[in-house]
Protein chains: 2
Amino acid sequence: MAKRVVPEADRRRRRPTKQGQVLTHGLIVETALRMLREHGADGLTARRLGLALGADASAVYRYFRGMDDLILAIADELFGHAMADWRPTGDWRADLRDLGLRIHHAYLAHPQAAVLTASRVTGRPNEVASDETILGVLRGAGFPDADAVRIYHAFIDQSLAFAILDAATLALPKAAREGDEEVWRDTYARLPAETHPNIAATAPLLVARMNDSAYRTALDMLLSSAAAQLRAVGA
Amino acid sequence: MAKRVVPEADRRRRRPTKQGQVLTHGLIVETALRMLREHGADGLTARRLGLALGADASAVYRYFRGMDDLILAIADELFGHAMADWRPTGDWRADLRDLGLRIHHAYLAHPQAAVLTASRVTGRPNEVASDETILGVLRGAGFPDADAVRIYHAFIDQSLAFAILDAATLALPKAAREGDEEVWRDTYARLPAETHPNIAATAPLLVARMNDSAYRTALDMLLSSAAAQLRAVGA
DNA sequence: TCCTTATGCCAACGCCATTGACGTTGATCA
DNA sequence: TGATCAACGTCAATGGCGTTGGCATAAGGA
């Protein structure tokens, strides 16, 4: 269970590029992830990816049907990494907590990738396996199907939204590049207290999302709400 | 309070395009929103926007610094629409519920726009006003600042994630165009019960997100959790 | 009436993803 | 050993994209 799926057919003929690099699905995805983290979503283009691989841009198309295909592969790689070697403990709350933190950390490690892939449902092996696992924990805990799905949705939403808004909290490369555009941090900090008293009062708290504790808190709120639901069903 | 902000400086000289159209900030944003809804995120390009306006692509640049600027304007328009004429009732739970549904509906009306704008924090008037309003309701209800911000985050996350995943649930134009790509609906429905028993058992529930009741349920979970928190603080 | 300025239009730039043809390599099998 | 064949890296080209600078023109003020 929760076995990581890696693309196959990577073991036949390998011919090195002009720069001597040997291409594989895995290498391309890794390189793309690195480019995303280092240069942002706009920094990942077929040309630059080819360059980073020491190959021609079009070489990527031997392995992926297009950039879209590559992005789905990146998303699935994230899930595969997050769920690698996971094992249930028998305590559904602990399990869900662990799963949530794993997904959260995977997204945190690649915020740009999170933004890029979050709005996509890949239907790929690792993502589907992750869904299957989460649903299994909930149904195994005794939740009726409808409740299990509802909590599953809330659970996924939580991770997803945190990932996206965390990425937005970071100084986006685009905003930073343009220079004249306000970054979130500054935007909220500079609002006058007369017109926006509530934002002004909480500004430091507002911009401090980017840590585990905020996510942990939200996750715990969800879990205790779910536990209450389960007690209600059991009673 | 919650007054809708529309871009200014739309009242000086207006010269019609060749097709007789008169351009304004508002008209361009409306047209862009329509294109998003009708042709998806990839359907909105400067050239096509210009065409739809009966003008040249470059005409847009007289009103917006670039496509990025336009997208932020679209996002803020959504918030402006959602919060128009909102008034607090004095019951914080009812108020939050109403605000959540308003934002939810605004996103639902333009799923593609939601995906496009969700990962951006605009810092524009309508969005900031919305944040100010939500924080005001929470702080007015008696939540300490740290709790108010935490709940505010969870609240925003909920709307955001629902919007994004709802949009993903829809047959994305890109996937539909390629034809060979599985859409979410089919992906989950077709998984064999042997390998994915939990998904197979809940598949019909899994794909049925696209309605108010799912969001309402999640929202209520959040609100009752918040209420419990408030009681704990008050005691 | 003339001047200023907003603004629409045109042509061009550089970048993008994607594709089809071509050449080269390594594996397979007789 | 040598022929065959599929895999796959490279090249050149295509059409679309956002964006810009220059130019023409119309509206409003004087």
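First the proteins, then the strands, lettered A, B, ... as listed; each starts at 1.
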Take the protein atom [atom1] of [X] and the nucleotide atom [atom2] of [N], then report the distance between them rounded to whole Å.
X	N	atom1	atom2	answer
A/D68	C/dT19	CG	P	12 Å
A/D56	C/dA17	CG	C1'	12 Å
B/L51	D/dG18	CG	P	13 Å
B/D69	D/dT20	CG	P	12 Å
A/L49	C/dC16	CG	C1'	14 Å
B/H39	D/dC17	NE2	P	13 Å
A/L53	D/dC8	CG	C1'	14 Å
B/Y63	C/dG8	OH	C1'	8 Å

Quiz item: Just by modelled atom types, is the B/I199 backbone N or O under 3.5 Å from a matching donor or acceptor in the A/E132 side chain?
Solution: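 Yes, because the side chain of A/E132 sits within donor-acceptor range (under 3.5 Å) of the backbone of B/I199.
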Quiz item: Would you say the side chains of B/Y152 and B/D131 form a donor-acceptor pair under 3.5 Å?
Solution: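 Yes, B/D131 and B/Y152 have a side-chain donor paired with an acceptor closer than 3.5 Å.
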Exercise. Please determine if a side-chain N or O atom of B/S58 lies less than 4.0 Å away from the OP1 or OP2 oxygen of D/dT19.
Key: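 No, outside the criterion.
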Quiz prompt | Charged N-O contact under 4.0 Å between A/D85 and A/R102 | solution =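 A/R102 and A/D85: not salt-bridged.
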Quiz item: In terms of side-chain geometry, is the basic nitrogen of A/D69 or A/R124 positioned less than 4.0 Å from the acidic oxygen of its partner?
Solution: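 The answer is yes: the pair qualifies as a salt bridge.
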Quiz item: Hey, does the side-chain of A/R47 have a donor or acceptor N/O within less than 3.5 Å of a partner on the base of C/dA17?
Solution: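 Yes, a donor-acceptor pair under 3.5 Å.
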Nucleotide nearest [X] when distance is taken to its side chain, options [options]:
X	options	answer
B/R48	C/dC9, D/dT10, D/dC17	D/dC17
A/Y61	D/dT10, C/dT18, D/dT19	C/dT18
A/A59	D/dT10, D/dT19, C/dG8	D/dT10

Quiz prompt | 5′-ward residue of the pair A/A46/A/R62 relative to DNA chain C | solution =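 The residue whose closest nucleotide sits nearer the 5' end is A/A46.
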Quiz prompt | Geometric class of the B/Y215/B/H104 ring pair [parallel <30°, tilted 30-60°, perpendicular >60°] | solution =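 Correct class here is parallel.
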